[in-house]
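Take a look at the structure below.
In the text below, chain A, chain B and the rest are named by the order of the sequence lines, each starting its count at 1.
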Number of protein chains: 2
Amino acid sequence: MSATALVAAKLRERDSMIPADWVLPEHILRHVQERSRAALDLFTETSLLTKREVLITEGYDAQALSTRIARSEFTAVEVCLAFCKRAAIAQQLTNCATEIFIDKALERAKFLDDYLRMKQEPYGPFHGVPISVKDCYNVEGQATTIGFVSFLGKPKAVKNSPIVDILRDNGALIYCKTNVPQTMMTMDTVNNVFGRTLNACNPHRTAGGSSGGEGALVRLRGSLLGVGTDIGGSIRVPSLCNGVYGFKPTADRIPHGEWVSGMRPGMPGLVSSAGPLASSPTDLTFFCKSVIQCEPWKRDTTALAIPWRDVSRKERLRIGLFKGDSRYPLTPPVIRALESAALTLEEAGHEVIELANIPSLEDGLQIAARYFLLDNKQTLTEHISAGGEQPIKALAYASPVAIVGSDERISNNPTIDDVFDCNAARSDYHNKMVAVWNRHDLDVVICPGGRAPAPPHDEHGVPVYTVVWNLVNFPASIIPFLRVDKSIDSSDDYDASAAHNLPIAVQIVGRTCQDEETLMATEVISEALGRLPGL
Amino acid sequence: MSATALVAAKLRERDSMIPADWVLPEHILRHVQERSRAALDLFTETSLLTKREVLITEGYDAQALSTRIARSEFTAVEVCLAFCKRAAIAQQLTNCATEIFIDKALERAKFLDDYLRMKQEPYGPFHGVPISVKDCYNVEGQATTIGFVSFLGKPKAVKNSPIVDILRDNGALIYCKTNVPQTMMTMDTVNNVFGRTLNACNPHRTAGGSSGGEGALVRLRGSLLGVGTDIGGSIRVPSLCNGVYGFKPTADRIPHGEWVSGMRPGMPGLVSSAGPLASSPTDLTFFCKSVIQCEPWKRDTTALAIPWRDVSRKERLRIGLFKGDSRYPLTPPVIRALESAALTLEEAGHEVIELANIPSLEDGLQIAARYFLLDNKQTLTEHISAGGEQPIKALAYASPVAIVGSDERISNNPTIDDVFDCNAARSDYHNKMVAVWNRHDLDVVICPGGRAPAPPHDEHGVPVYTVVWNLVNFPASIIPFLRVDKSIDSSDDYDASAAHNLPIAVQIVGRTCQDEETLMATEVISEALGRLPGL
């Protein structure tokens with residue numbers, strides 16, 4: 001079969017998973033095709049959900065919903081059906097899903113309902129909660145193409161990734177997988193198999209990447225908890241772009257074994273973190289705490305055997321304020337959100353310390369990019385070539401070659417010395433970053449999650465404000481805060497009118513392994529900042 | 001100055017630090033020179049210690065001693081003096097020390113006594129406890145030569161390594177530094193600056209390495225707690241050889257920043273662990289718990305911000321029994337100790353599960369050796385050449401080239417592909433090792449700490465039974481158990497009479513980051529096995 005035929009067959013297969021009576025009417029789909037209205041806006045015109053289904057999908061976050069199901073206020077089956085339907089709508093509005101498997105989820109939901117009826121106790125902390133997963137995770141019976149044409153011919157997964165098993169064995173309903181960029185190394189969720197995922201807030205803006213499908217789906221509440229991965233910003237960027245909460249844990253706290261990265265095995269340097277995208281800050285904690293309390297290290301060899309620690313809430317945090325790097329100037333709405341957040345936090349009684357002498361983001365970016373260049377076999381590029389497909393546009397800006405720039409030697413012929421140099425440079429960079437925390441005895445740092453709200457497609461640029469935290473392996477979360485307002489955020493260099501109403505966000509960063517403290521601070525800060533309307 | 005003159009000057013300087021009235025009489029020193037009697041034996045003939053000093057140095061472990069000092073039963077000054085004197089004796093009997101600084105320690109002890117008197121509370125958990133450190137740590141005003149002639153010209157340290165500061169700021173008395181092998185990469189503590197450290201139990205046997213000075217000093221109770229480092233067995237091998245307790249934590253739990261390794265910065269692969277050698281199993285916990293409770297991550301950027309967890313004592317452990325790898329056959333006393341330990345543990349109510357299908361030690365050793373070959377600049381060898389000195393004999397057996405053997409390609413020209421291959425192989429090896437724990441739901445594994453009790457000088461061979469746990473970054477302790485008995489341990493291949501009375505040991509291994517559980521199991525198992533007489 002030709003590549004084109006393979007892709008067409010794959011899309012037909014995927015689309016066939018949506019029941020005919022859930023297909024949206026032509027006049028709505030036309031807007032999607034023409035990108036003339038935003039998914040969030042169009043959603044209000046769909047009338048597929050019953051009142052009760054709207055309540056189920058909009059009335060609670062994941063933790064609250066699990067409580068309601070455990071109390072038999074809702075059955076797992078009706079919750080499953082509601083979210084499958086809503087995800088099917090979200091898929092038609094944003095093209096966020098890669099695999100949809102409603103029947104299997106419903107079957108599991110029936111089992112959970114029976115279990116609860118018989119045993120009078122929930123099957124686990126996620127009992128009945130629908131959880132979506134990024135396409136890179138294996139789900140038994142489903143494909144794991146991660147958007148490579150060359151992966152279309154691969155057999156379907158014969159077993160779940162351990163994180164999928166852990167979620168499922170603790171009551172979660174796994175019902176769909178979500179879209180990623182070709183190579184999963186860019187901030188634009190587009191590939192030559194599934195096409196482009198649209199931002200839920202604005203069809204002309206990127207959904208972010210690489211967990212962009214999750215970002216759009218969670219924003220549309222087609223899922224309350226999505227599992228993403230983040231090696232440079234891939235959980236945080238789509239969270240920011242779509243206006244949801246996201247958390248990149250310390251690498252290896254949340255299991256990420258037996259997934260498909262497409263990368264060459266043994267790649268030195270940055271380690272991808274698995275973590276949640278969610279509609280509330282407390283759900284970030286709920287997810288991490290529940291997964292870690294399952295002792296994932298007994299099922300996934302990547303997971304560190306560090307038990308969950310309940311940390312006490314700190315009412316007066318010491319928060320370092322990092323107002324950005326002049327080499328990567330912030331756009332007006334991001335500056336406004338950050339300054340407003342700092343002021344609000346001070347008013348709420350927290351100590352906000354403006355940081356000077358934070359290590360240069362450019363230095364951090366250069367080290368990260370050089371690490372990514374170390375694969376002299378260019379494995380990701382090989383996957384593209386093998387499918388006879390073209391590289392996506394975003395690879396041009398995100399490619400390490402583009403970042404490292406004129407240094408062609410390392411990109412053409414990386415040597416063993418580059419490994420030593422990268423490691424030594426990272427160690428030095430890490431030391432300087434830890435010193436910032438120590439100098440001011442900080443609990444967390446508040447900083448931008450990116451230079452701008454969701455940019456137009458294929459214009460995101462390198463995610464410098466997120467990748468540095470991967471480089472030093474610090475946990476970091478995204479808190480949606482404020483929206484772009486064209487009347488106050490316009491400047492000579494920034495067209496705020498085109499970005500009007502897009503979500504803005506702040507990023508909260510903690511120390512390596514202090515995921516518990518970082519999540520606690522994320523909750524405390526989120527409360528002080530207030531909930532973004534509509535979330 | 002010539003190399004010979006530099007070395008002579010250094011030794012004169014070191015020897016001058018021992019007060020004249022602490023110099024041992026000629027008839028004892030002659031035995032040392034002739035290696036005709038063991039240090040432990042000779043020690044009983046020295047009469048420098050008062051009865052009270054014998055009580056102070058022999059009556060307690062570090063934790064118990066700190067309690068006595070806090071209760072003013074002993075002053076820090078008299079404790080300091082007693083241990084300085086005892087260390088000076090140990091030095092003359094085994095050549096275990098590189099730097100001795102009694103005056104500074106006494107000055108600090110006076111301060112601590114004053115503090116306690118005035119504040120009526122100890123200065124920290126280590127109040128008044130003398131702690132020795134391996135030569136690789138920086139102590140302000142002292143040299144850090146790590147046995148390289150080429151390092152003799154370097155200026156003395158202008159500041160302490162963070163771990164030294166942490167210990168000192170929590171009450172410890174730092175009074176001497178201890179000997180290491182040239183390169184710190186072999187199991188024989190000998191170099192061309194300070195010469196050879198003798199095993200405390202038998203002068204014809206190795207003190208082990210690379211923390212061999214600590215091993216001999218702690219065995220002679222010239223120190224109750226020594227701080228070593230371990231990248232392949234360097235805490236555990238000298239613990240085993242001299243018959244003391246030792247613990248290699250998960251890398252980065254105990255701070256190891258700003259030390260002198262001599263290695264090329266950015267070396268990929270195994271990470272050195274800092275950890276204690278001690279005279280009791282509970283002191284291993286006391287050291288780790290006290291250091292981690294000081295929040296070392298606020299002072300040393302290498303330390304992971306994982307707080308200490310108090311874990312409950314488990315009276316019925318699930319212990320995997322690994323009886324060795326046929327490729328590296330065990331000597332009769334080691335087999336006897338291991339089998340006897342297993343039986344004793346079963347009788348004490350623990351579950352002992354004999355393990356099959358543990359990943360091959362040879363495979364692990366090969367991966368570790370290949371990592372060490374990655375330094376194409378051969379930095380350690382360069383340090384040797386720069387001093388115009390000869391490599392020590394032990395480097396021949398321990399050199400990664402010797403281990404990897406016929407594969408000259410990697411040793412002559414390591415490439416970036418080797419880094420990928422090593423990382424991928426290690427990840428695979430790690431997965432298999434974790435699977436062993438998971439298959440049997442193990443708390444810990446009990447296994448040999450080496451093939452034999454302390455072998456003759458320069459014949460140790462590669463530390464295959466310890467280095468695999470560095471490769472997978474599992475915490476591991478050494479528990480001295482039984483002694484060689486020539487009447488029952490002889491075989492055609494093993495001359496037990498020459499090894500008569502040498503200490504034997506078992507090794508206890510836990511999961512990455514479960515240092516707390518591993519130490520708890522080490523205490524429980526030590527109690528079941530009973531104390532080695534004389535410790």
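Distance CG/A:Leu304 to CG/B:Leu304: 8.5 Å, rounded to 0.5 Å. Atom CG of A:Asp417 sits about 4.5 Å away from atom CG of B:Asn376, to the nearest 0.5 Å. The CE atom of A:Met433 sits 12.5 Å away from the OG1 atom of B:Thr301 when rounded to the nearest 0.5 Å.
If you tally non-hydrogen atom pairs under 4.5 Å between each of B:Ala435, B:Pro268, B:Gly257 and chain A, the highest count goes to B:Pro268. Chain A forms more heavy-atom pairs under 4.5 Å with one residue of B:Asp300, B:Thr250, B:Asp375 than with any other, namely B:Asp375. Considering only heavy-atom pairs separated by less than 4.5 Å from chain A, the leading option among B:Asp441, B:Thr512, B:Asn438 is B:Asn438. Top candidate by heavy-atom pairs under 4.5 Å with chain B, chosen from A:Pro265, A:Ala305, A:Cys422, A:Ala425, is A:Ala305.
Only the backbone of A:Thr415 comes within contact range of chain B, judged by heavy atoms closer than 4.5 Å. For A:Arg299, the part lying near chain B is the backbone, with the side chain staying farther off; criterion is any non-hydrogen pair under 4.5 Å. When heavy atoms are compared at a cutoff of 4.5 Å, B:Asp428 does not approach chain A at all. Looking at A:Lys432, there are no atoms closer than 4.5 Å to chain B (heavy atoms on both sides), in backbone or side chain. Both the backbone and the side chain of A:Trp297 come within contact range of chain B, each with at least one heavy atom under 4.5 Å from a heavy atom of that chain.
The only member of A:Leu374, A:Asp418, A:Ile416 that meets side-chain contact (heavy atoms from CB on, under 4.5 Å) when paired with B:Val419 is A:Ile416.
In this structure, the side chain to side chain contact (heavy atoms under 4.5 Å, CB included) partners of B:Thr183, at least two apart in sequence or on a different chain, are B:Phe148, B:Met185, B:Thr186, B:Leu380, B:Ile384, B:Leu395. Residues meeting the side chain to side chain contact (heavy atoms under 4.5 Å, CB included) test with A:Asn357, sequence neighbours left out: A:Arg439.
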Mind listing the side-chain donor-acceptor pairs of residues 288-296 of chain B below 3.5 Å, one per line with the distance, residues two or more places apart or on another chain?
from: B:Lys289; atom 1: NZ; to: B:Asp310; atom 2: OD1; distance (Å): 3.0
from: B:Ser290; atom 1: OG; to: B:Phe286; atom 2: O; distance (Å): 2.6
from: B:Glu295; atom 1: OE1; to: B:Lys298; atom 2: NZ; distance (Å): 3.2

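Of residues 513-524 of chain B, those residues with a non-hydrogen atom less than 4.5 Å from any non-hydrogen atom of chain A are, in numerical order, B:Cys513, B:Gln514.
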